[in-house]
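Data block below; observations after.
Naming: A, B, ... by sequence-line order, numbering from 1 per chain.
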Amino acid sequence: MIALVDCNNFFVSCERVLHPELEGKPVVVLSNNDGCVVARSQEAKALGIPMGIPYFKVARKLREEVLIALSNNHAFYHDVSQRIMALIHDQVEQQEVYSIDECFLRLPRSGDFKPFARTLRAEILQKIGVPVSIGIASTKTLAKVAVYYAKHYAGYQGVAAIETEEQRAKALAKLPIEEVWGIGRRRWAQLKANGVTTAADLLALPIGLVQRLLSVTGSRTYRELEGVEALPFAEVTPRQSVFSSRSLEVETADMAKLEACITLFLGHCCRKLRHENLYAQELSIYLSTNRFHPKDPQHHELIARHLNTPPADPR
DNA sequence: TATTGAAGGACTA
DNA sequence: ATCATTAGTCCTTCAATA
């Protein structure tokens, strides 16, 4: 069996560890340049604040003190994440850290998993102060489904399991297709056009059609929803690339400014590489115009160079 | 004909 | 009218190369 531990509103929960007075209040955390909302507390979601909304659109609510906005403190969130992951790691055979706020756990084939999950959840809350939701099922994708129920129905108290065929059928019949892991905007539209609105509807399609419509990844999702593992469980996921990028505050065509940015970002990437003892095989640089102004002339360019001898120094 | 590489895109948190 | 993240993975397509 597989469990998924998913931190609730992670960035906001981290801020609440430092500022307990934010508990119960509508809080959002902003992106790097305070450009848009990247995390929302339950209360902020209830106010109808969408994910990714630009700062200026919530500015009025902030002035009226209906909503609290915080700048993001990524180094701290990273630290909290590492403490949570380490705490969990000590209690399971296998752990795959999937993102800053989620990890998959490999559990024995059979057993009574819910008491374990409830205890783990309580321990993370008590020792670190971050509330988590835990989903248990036979595949990663079904564990995601279970987490969806753990988060959306208070009755589950943060822990939901799909352990029987009846539970699986019921969970999938009620799950909107767009909530399925791996179904994004594009695939949602394609499925809707084929009359699919729930996860159960997807399984009712012939696999051939799913293969044609959604290709390799879609077929994997299909099998995973059936309860057959189609995604690898990877304890170590070697990093493939490091990145550094920013949206510039003002548009510029000034080559000197762009060069300065690129030098800065390159230095940042090199620091990351050194920190993790990695070597670069390829260097790519991209530049993009503001794609949110579609009427302006657009230009998107990526250049890539293979590096024969991995450079030891950014200069 | 099979493999490789670049470009582009979908998706995720 | 404003603003509009950042970092990452994997897959597909198509053309060039062996």
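Between the CG atom of A/N32 and the P atom of C/dC3 there is a distance of 18 Å, given to the nearest Å. Atoms CZ (A/R187) and C1' (C/dC10) sit 10 Å apart, rounded to a whole Å. Rounded to an integer number of Å, the gap from A/R186 CZ to C/dC10 P is 21 Å. The interatomic distance linking A/E102 (CD) with C/dT9 (C1') rounds to 14 Å, in whole Å. The separation between A/L273 atom CG and C/dA7 atom P is 13 Å, rounded to whole Å. Between A/F11 atom CZ and C/dA7 atom C1' there is a gap of 11 Å when expressed in whole angstrom units.
At a threshold of 4.0 angstrom between heavy atoms, the contacts of A/T237 with the nucleic acid are absent. The residue A/F10 sits apart from the nucleic acid: no heavy atom pair falls under 4.0 Å.
Although no hydrogens or angles enter the test, the distance criterion places no donor-acceptor pair under 3.5 Å between the side chain of A/R40 and the main chain of A/P26. At distances below 3.5 Å, not a single donor-acceptor pair connects side-chain atoms of A/S133 with backbone N or O atoms of A/N8. A donor-acceptor distance shorter than 3.5 angstrom exists from the side chain of A/E96 to the backbone of A/A234, with no hydrogens or angles considered. At least one donor-acceptor pair closer than 3.5 Å links the side chain of A/R16 to the backbone N or O of A/L22.
The pair A/E166-A/K170 does not meet the salt-bridge criterion, since no charged nitrogen lies less than 4.0 angstrom from a carboxylate oxygen. The pair A/E226-A/R223 fails the salt-bridge criterion, with no side-chain N (NZ, NE, NH1 or NH2) lying under 4.0 Å from an Asp/Glu carboxylate O.
Mapped onto DNA chain C by nearest heavy atom, A/R246 and A/P238 fall at different nucleotides, with A/R246 at the one closer to the 5' end. Each of A/D34 and A/F243 has a nearest nucleotide on DNA chain C; the 5'-most of these lies closest to A/D34.
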Checklist entry - Does the pair A/R220 and A/E224 meet the rule for a salt bridge (charged side-chain N to carboxylate O under 4.0 Å, His left out), with working shown? => result CA-CA 6 Å; A/R220 279 184 202 144; A/E224 286 254 320; over 6 Å; no
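Side-chain nitrogen and oxygen atoms of A/S247 include at least one within less than 4.0 Å of the OP1 or OP2 phosphate oxygen of C/dT6. The side chain of A/S245 places an N or O atom within less than 4.0 Å of a non-bridging phosphate oxygen (OP1 or OP2) of C/dA7.
Looking at residues 173-181 of chain A, you'll see A/V180, A/W181 sit with a heavy atom under 4.0 Å from some atom of DNA chain B. Contacts between residues 133-147 of chain A and DNA chain B, counted as heavy-atom distances below 4.0 Å, involve A/K144. Residues of residues 52-86 of chain A having a heavy atom closer than 4.0 Å to DNA chain B: none are found.
Nearest approach of A/V27 to A/V12, heavy atoms of both residues: O-CG2, 3.8 Å. Residues A/L105 and A/I88 come closest through the heavy atom pair CD2-CG2, 3.4 Å. Minimum heavy-atom separation, A/V236 to A/P238: O-CD, 3.5 Å.
Here A/W188 pairs with nothing under the ring pair (Phe, Tyr, Trp, His ring centres under 6.0 Å) rule; sequence neighbours left out. Residues passing the ring pair (Phe, Tyr, Trp, His ring centres under 6.0 Å) test with A/F116, sequence neighbours excluded: none. Residues satisfying the ring pair (Phe, Tyr, Trp, His ring centres under 6.0 Å) test with A/H19, not counting sequence neighbours, are none.
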Compile the donor-acceptor pairs under 3.5 Å between side chains in residues 195-213 of chain A and protein atoms, sequence neighbours left out, one pair per line.
| residue | atom | partner | partner atom | Å |
| --- | --- | --- | --- | --- |
| A/T197 | OG1 | A/D201 | OD2 | 3.1 |
| A/T198 | OG1 | A/A200 | N | 3.3 |
| A/T198 | OG1 | A/D201 | N | 3.1 |
| A/T198 | OG1 | A/D201 | OD1 | 3.3 |
| A/T198 | OG1 | A/D201 | OD2 | 3.3 |
| A/D201 | OD2 | A/T197 | N | 2.9 |
| A/D201 | OD2 | A/T198 | N | 3.0 |

Run the side-chain donor-acceptor check on residues 80-87 of chain A: report pairs under 3.5 Å with partners two or more places apart or on a different chain.
| residue | atom | partner | partner atom | Å |
| --- | --- | --- | --- | --- |
| A/S81 | OG | A/I100 | O | 2.7 |
| A/Q82 | NE2 | A/H78 | NE2 | 3.4 |
| A/R83 | NE | A/D79 | OD2 | 3.4 |

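The salt bridge (charged side-chain N to carboxylate O under 4.0 Å, His left out) analysis of residues 181-196 of chain A, with sequence neighbours excluded, yields no pairs. Residue pairs meeting the salt bridge (charged side-chain N to carboxylate O under 4.0 Å, His left out) criterion with at least one partner in residues 143-160 of chain A, sequence neighbours excluded, are A/D6-A/K151, A/E102-A/K144.
For B/dC11 and C/dT5, the C1' atoms lie 16 Å apart once the distance is rounded to whole Å.
The footprint of chain A on DNA chain B, defined by a heavy-atom cutoff below 4.0 Å, extends from B/dA10 to B/dA13.
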Checklist entry - Reading nucleotides 11-18 of chain C from the 5' end, what letters show protein touch, with B for base, S for backbone sugar-phosphate only, - for no heavy atom under 4.0 Å? => result SS------
